[in-house]
Amino acid sequence: MKMRLSRYFVPTIKENPSEAAIVSHRFMLRAGMIRQSVSGIYTWLPLGLRVLTKIENIIREEQELAGASEVRMSTIQTADLWKESGRYEDYGDEMLRINDRHGRELLYGPTNEEVITDLFRKEVKSWKQLPTLLYQIQLKFRDEIRPRFGLMRGREFTMKDAYSFDIDEENSVKSYYRMFVSYLRIFNKMGIRAIPMKADTGPIGGNLSHEFLLLAETGESEVYCHKDFLEMDIPDNVDYDGDLSKYFQEWTSKYAATDEMYVEEDAKKFGDDIIKTRGIEVGHVFNFGTKYSEPLHAVVMNKEGKEIPVHMGSYGIGVSRCVAGIIEASHDDKGIIWPVAVAPFEMVVLDVKPKDEESSKVANDIYKNLKNHKLDVAIDDRNDRVGSKFADMDLIGIPLLLVVGPRGLLDGHVKLVSRKSGNSINLSVEEVQERIIKAKSEDSLQKFVDSI
RNA sequence: CGGGAAGUGGCGCAGUCUGGUAGCGCAUCUGUUUUGGGAACAGAGGGUCGCAGGUUCGAAUCCUGUCUUCCCGACCA
């Protein structure tokens, strides 16, 4: 399908909606990415959905690499399982409880430990089938006391949740490391730096747990973090069947903690290297042993022929929150600045004057050629004044803008603009395509954008 | 749930104190002139003022109730 913005649904808003108090919420509404349905619940519009989908696909790719298999559990769950695990009463009013026509107690899942454990106990019986690592990307509902900040704290939200099942503590920790490393790679691919910090295990329980926090001035929690984390290398060419403890050591040996876990004496050992800033929690990993497998009787036969409860872990990423988080971390007063990997479009060809047949044809030819070379490109063929088209593209945050109009073509050039730096370069019609296609084929489009 | 603020054309707001039958900017539609960073002029359409009661000759405005949204707090991906 041809991505013509004149035919696409992008309802941008010029003025700031009064209900949006933070940057990401404002820009998502203004850029036509989302609309609120009721408090804390949103409809995703085409542009927002493209970003969400890209993030989901990055997660899928990396989770599969780490050995996890995708499933999709139902959003509606039975209360019986929660009574069995003992969490039905604990979870409180955050859980949306529903009765069906027969009066049976159901609920809209706020998390899925019970359902996945139920699946596991029915299907897996032997230590030979372990480890088992499953994940899903699914809507969750938590009836927050006070939803706020748009997608940052909604009630309905998209979450990636993964669950590991192992024969013992030692192997369970290996699964934990797999997810830990996978997370480092996932957030890096999204174009953000999320730093693992020692975490409180909260209601999910367990002893080994880390939160991944995206650093942003507008973050919800105060964090203390060693400055080396900002430059540390992301694990590459990872052998997920090998020893991953070195990565884990590297990423946990230096100090990083949220304010509620902050211990001054520990931080002091690193002196001035600890910076105090703010962060947004985008991921959380837990290793919780047999907390659910015991009450739910998720057992396997071990080598000695004895039934033992499996050791479990769960691993979440707030997918829809990531969309907002990335905006918090990357924007200016004009709008969003998307990292290439998650931008709704990698680039847009801006047809300055759609009514000018000649220049418009050049714009369309370039568009088609780039599209044929796998670029995720759209053409802005809207019959608006160029100023408002520029303003929209800045707001929406398209990383790369290719401006094609009669004036430039007179001199034989088109203009390439980087959203991030605001810089532009004039290039011939041929050269611009060559360079973009080359960068795309080398998977270095972000570098190319950064070089402008 | 406690504290605060707000609901008036699609969006942002004024009008409410001091009741007299609704206005501004942006957006939309038509026409003309424009067109390389949110055009100009002329004209047009669109609101029973969140909802329900009440007071009054008369209510956006006063009173009572109710719903919704946002902000601060406890809670959290």
* Aromatic-base stack, A:Phe157 on B:A77, cutoff 5.5 Å, angle under 30 -> yes
* **Between C1' of B:G38 and CG of A:Leu350, the distance in whole Å** => 13 Å
* Do A:Tyr135 and A:Glu64 get their side chains close enough for a donor-acceptor pair, meaning under 3.5 Å? -> yes
* Contact class for A:Pro406 (heavy atom, under 4.0 Å): base, sugar-phosphate, or nothing? -> base
* Which whole-number value in Å describes the distance from A:Asp380 CG to B:U35 P? -> 20 Å
* **Whole-Å gap separating P (B:A77) and CZ (A:Phe141)** => 16 Å
Nucleotides 22-26 of chain B: which of its N/O atoms have a protein N/O under 3.5 Å away?
| residue | atom | partner | partner atom | Å |
| --- | --- | --- | --- | --- |
| B:G25 | N2 | A:Glu15 | OE1 | 2.9 |

* Gap between atoms CD1 and P, on A:Ile145 and B:C75 respectively (whole Å) -> 8 Å
* Asked: Looking across every strand, which nucleic acid part, if any, lies under 4.0 Å from A:Glu281 by heavy atom: base, sugar-phosphate, or nothing?
  -> sugar-phosphate
* Structure fact -> A:Ile396 CD1 to B:G38 P, in whole Å, measures 17 Å
* Whole angstrom value for the distance that separates C1' of B:A74 from CG of A:Asp93 -> 13 Å
* Asked: Does the ring center of A:Phe180 lie less than 6.0 Å from the ring center of A:Phe212?
  -> yes
* Asked: Taking the six-membered ring for Trp, is the centroid-to-centroid distance between A:Tyr91 and A:Trp82 below 6.0 Å?
  -> yes
* Asked: Which sits closer to the 5' end of RNA chain B, A:Val319 or A:Arg407, going by the nucleotide each is nearest to?
  -> A:Arg407
* To do: Would you indicate, yes or no, if B:A39 has its OP1 or OP2 atom less than 4.0 angstrom from a side-chain nitrogen or oxygen of A:Arg385?
  => yes
Dump every N/O contact between nucleotides 68-70 of chain B and the protein below 3.5 Å, one line per pair.
| residue | atom | partner | partner atom | Å |
| --- | --- | --- | --- | --- |
| B:U69 | OP1 | A:Ser39 | N | 3.0 |
| B:U69 | O3' | A:Gln36 | NE2 | 3.4 |
| B:C70 | OP1 | A:Gln36 | OE1 | 3.1 |
| B:C70 | OP2 | A:Ser39 | OG | 2.8 |

* Asked: Are the aromatic ring centres of A:Tyr183 and A:His284 under 6.0 angstrom apart?
  -> no
* Asked: How would you label the contact of A:Arg35 with the nucleic acid (heavy atoms, under 4.0 Å): base, sugar-phosphate, or nothing?
  -> nothing
* **Paired nucleotide for B:A5 [Watson-Crick or G-U wobble; both distances under 3.5 Å]** => B:U69
* Structure fact -> Mate of B:U64 across any strand shown (Watson-Crick or G-U wobble, both atom pairs under 3.5 Å) is B:A52
* Side chain of A:Val403 (C-beta onward), nearest among B:G36, B:G38, B:C75 -> B:G36
